[in-house]
Amino acid sequence: MAELRTEEMVLNMGPQHPSTHGVLRVELVVDGEVVVDAIPHIGYLHRCFEKHAEALNYQQIVPYCDRMDYLGSMNNDHAYVLGVEKLLNIQVPERVEYIRVIMAEFQRIASHLVSIGTYGLDIGAFTPFLFCFRDREMILDLFEMTCGARLLYNYMWPGGLSHDLPAGFVEKARAFIKHFRPAMKELNDLLSYNEIFVKRTANVGVLPADIAINYGASGPTLRGSGVKWDLRKCEPYSVYNKFDWDIVVGTGEMGTLGDCWDRYMVKVWEIEQSLRIIEQALDTLPEGDVQAAIPKRVRPPVGEVYVRSESPRGELAYYIVSDGSQKPYRVKGRAPSFSNLSLLPEISRGYLIADMIAIIGSVDITLGDVDR
Amino acid sequence: MGLLDKQFEDGNIVITSIDNLLNWARLSSLWQMQFGLACCAIEMMAASASHFDMMRFGVIPRATPRQSDVIIISGTVSMKMAIRIKKLYEQMAEPRYVISMGSCSNSGGPYWKYGYSVLKGVDRIIPVDVYVPGCPPRPDALLEGLMRLQEKIRKESRVKKNVEGLIQPAPKVEAV
Amino acid sequence: MNANEIHDRIKDRFPDGIVEFKIDATVDPFIVVRPELIRDIAVFLSSDPELKFDYLMSISGMDYNDGNLGVVYHISSMEKRHRITLKVKLPKTDAQVPSVESIWKTANWHERESFDLFGIVFQGHPDMRRILLPDDWEGNPLRKDYKAQEYYHGMKVPY
Ligand code: SF4
């Protein structure tokens, strides 16, 4: 029967599709149920970040960075302000960096929770979604008490922060961690090791490490393939080198190394590592002023920097070119989801249409990040 | 206010007008199109998750426009997407309602000036019933918007056409 | 390896390929190379056992506003833990540069993005289409002299 070749069909998936996580459109070429090729079409959420960056001054860009990857706003801001500070060559107080790390790690947990919850939802498990959002709300409460916003914060400014931590933050954060550790175990029992879930994700969408590197994959997508690469450790920025934590990588425990389950599980394990970082940062939080170094008018010297950082989705970098004026000459956001998504055809060929849902979900993209 | 006020003392007979009955049925089972655009969609997801529980208003997400009554435009509408939104809206069965959530779909939001590929307000392509301001609006604000829509539906009438300009003509966009 | 050593190693192999090398305090070190050689240099960078640049971080288009466009390549090596920035400059009237897609697949989408937003054509790219904007969009938005079109399919573009 091998030579029997049926006619191929083109199937359009998205931009309105419940499991493409936004406005992604994938053009599937299918032979029966088998995917022959998958061509992603993006740009349905192109919001001209780079044009805005050229038209606004350095401080005004921070809110637009928030909106790039709207699930990891704090991480976006963090990378951007580090870049501007490097251009300006200013040193921020240590307390600022500690608070930034705490916020960035909380944001990572919140982002992973959304990703885990919706992944379960895609595959047909509704309850984990509710569990994840319940716990995520607690993190959002922490953010809200700090800066008043739930989703897009404008919290980190070049040279400092918009507000210091409010009274009671540290206790509340500790209480959250205490509540959250058992909740993660519950989630694992409910979803991660669930027989049906494993059947749907293990051995599906296998991504070999060399292809991942060649396509510029990063973050959990890369680590799911067993590559020990995390910019927080490999090129430490901010104060990450002061904390003790591990890079988690996929192990191929349930199937093949680099399958959807591995990519998923790396996120679950990363949450624990983030909790460890937060705990240490809370314990050693230095005193000080968080607005001391904020310049009134930012006017960096002529130059350019490329700052890399690890966002929940992978390597997030800003290439900032200054011509000495108040506005940057050019800002390019190197978005992790953009590169991660480009390898979608590579990992979906030969699987079934139903597996596409599992594959797209496991790559974990934010369309705001892909299209900018 | 509701249907049951006009119930006879001890029978299970309710007298009401057709308008009241239909409006009551429509407003308490507003099926929403499962469709997210940008950051606001995350808040919309939060609104339908455990904390805010939008489903208690009868809002159930449906994956296809043909089964849904209300479309929540939750985020930035780019030019490329606008054409699709128009198409999706046209696929919905009447009566259909539109909630525009967030500054972006109200007016272009933060992208109104330099956003060359952003549509400055979704009301340029489809008629909008309720605008929810905010960037992003809190889930509570979205719920408020939803309740406003329910109030609006309660006042509708099938006999008197075009009450309070309820039925607006759709703005024109070239077909693609 | 630091930027100086990387530069020297490229210089050894391509004696006349380098236009400019800059290393000072406010900038990340970069090397400006001749555009027609970028592919060969990329092959060399990725295969040389001392350099092993296996990871293309990003490709950014540039408009220098002096009649030149540019492409900036940020590359790094995961194994050797070093990185370098390559630049090419192209005249606006004939903005063409060989594609590096066959060496680093990341380039596929990044080059399409530069094509879309700057109108730089990458020779030898398998699929040179717009990526972010619709296919029938006019102009290249990130060029400094860009003016948005008035209408797109009946929808007004400026506010
Ligand atoms: S209104 Fe604000 S939060 Fe909503 S989509 Fe627009 S930018 Fe995002």
Side-chain angles (χ1 to χ4, degrees), chain A residues 14-23 25 41-56 60 63-64 66-71 73 110-111 113-114 117-118 121 126-127 129-138 140-141 144 149-152 154 366-369 371-372, chain B residues 33-53 55 61-65 68 71 73-85 87-89 91-92 102-104 108-119 134-141:
Chain A
Q16 184 262 334
H17 188 279
S19 72
T20 52
H21 292 215
V23 285
R25 177 175 151 227
H41 293 269
I42 61 169
Y44 291 94
L45 190 56
H46 181 48
R47 299 195 280 192
C48 334
F49 167 74
E50 288 161 23
K51 193 81 184 170
H52 283 87
E54 286 170 18
L56 303 167
Q60 286 172 329
Y64 289 90
D66 272 335
R67 283 157 181 76
M68 247 180 74
D69 173 0
Y70 35 79
L71 285 175
S73 303
S111 166
L113 280 176
V114 175
T118 50
L121 198 62
F126 191 68
T127 322
F129 169 75
L130 298 176
F131 278 39
C132 288
F133 268 70
R134 176 197 65 196
D135 295 332
R136 178 173 173 267
E137 285 295 332
M138 295 184 192
L140 297 193
D141 284 348
E144 200 176 353
R150 281 168 50 89
L151 190 68
L152 308 167
N154 189 12
T366 318
L367 262 298
D369 202 22
D371 296 342
R372 283 153 291 145
Chain B
M33 192 150 99
Q34 188 176 7
F35 168 63
L37 280 174
C39 353
C40 281
I42 306 297
E43 285 298 67
M44 187 175 81
M45 263 155 68
S48 47
S50 29
H51 249 64
F52 297 93
D53 189 15
M55 283 189 196
R62 306 299 302 177
T64 150
S68 36
I71 177 171
I73 311 287
S74 55
T76 319
V77 184
S78 70
M79 293 290 172
K80 208 171 173 179
M81 195 62 203
I83 294 161
R84 307 305 165 112
I85 288 183
K87 213 169 264 174
L88 285 172
Y89 176 75
Q91 285 178 358
M92 289 166 69
S103 329
C104 277
Y111 305 97
W112 73 277
K113 193 164 180 195
Y114 303 107
Y116 48 84
S117 80
V118 174
L119 182 73
C135 181
R138 295 178 56 95
D140 331 37

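Predicted, not measured: the structure shown is a model, and the values here were computed from it.
- Among the candidates Y70(A), F133(A), F131(A), the residue making the largest number of heavy-atom pairs closer than 4.5 Å to chain B is Y70(A).
- Annotation: side chain of Y44(A) is not in contact with side chain of L367(A) (no heavy-atom distance under 4.5 Å).
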Please test L121(A) against M45(B) for side-chain contact (heavy atoms from CB on, under 4.5 Å), starting from the C-alpha separation and ending with a verdict. CA-CA 12 Å; L121(A) 198 62; M45(B) 263 155 68; over 6 Å; no
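- In this structure, the portion of T118(A) lying under 4.5 Å from any heavy atom of chain B is its side chain and not its backbone.
- Of the residues considered (V77(B), T76(B), I85(B)), T76(B) shows the highest number of contacts with chain A, using heavy-atom pairs under 4.5 Å.
- Of the residues considered (L130(A), L71(A), L140(A)), L130(A) shows the highest number of contacts with chain B, using heavy-atom pairs under 4.5 Å.
- Looking at E144(A), only its side chain comes within 4.5 Å of chain B, counting heavy atoms on both sides.
- When side chains are defined from C-beta on, R150(A) counts as touching E137(A), because their heavy atoms get closer than 4.5 Å.
- The side chain to side chain contact (heavy atoms under 4.5 Å, CB included) test with Y64(A) singles out one residue from N154(A), L152(A), L56(A), and that residue is L56(A).
- The shortest non-hydrogen separation linking L151(A) to C39(B) is CD2-O, 3.4 Å.
- Within the 4.5 angstrom heavy-atom criterion, atoms from both the backbone and the side chain of R134(A) approach chain B.
- Proximity to chain A involves both the backbone and the side chain of L37(B), based on heavy atoms less than 4.5 angstrom apart.
- Between chain A and the options C135(B), A82(B), S50(B), C104(B), heavy-atom pairs under 4.5 Å are most frequent for S50(B).
- In this structure, E54(A) and Y114(B) have side chains that are not in contact, with every pair of non-hydrogen atoms separated by 4.5 Å or more.
- For the set P65(B), G36(B), S117(B), S74(B), the entry with the most heavy-atom pairs within less than 4.5 Å of chain A is S117(B).
- Per-residue heavy-atom pair counts under 4.5 Å with chain A were compared for P136(B), A38(B), A49(B), G115(B), and the maximum is reached by A38(B).
- Per-residue counts of heavy-atom pairs under 4.5 Å with chain A were compared for P61(B), P110(B), A63(B); the largest is that of P110(B).
- In this structure, chain A has a heavy atom under 4.5 Å from the side chain of M33(B), while its backbone stays farther away.
- Using modelled atom types, one side-chain atom of D371(A) and one backbone atom of L45(A) make a donor-acceptor pair closer than 3.5 Å.
- Between the side chain of S103(B) and the backbone N or O of G134(B) there is at least one donor-acceptor pair closer than 3.5 Å.
- Chosen from G75(B), S48(B), P139(B), A41(B), the residue pairing most often with chain A at heavy-atom distances under 4.5 Å is P139(B).
- Aromatic ring centres of H46(A) and Y116(B): separated by under 6.0 Å.
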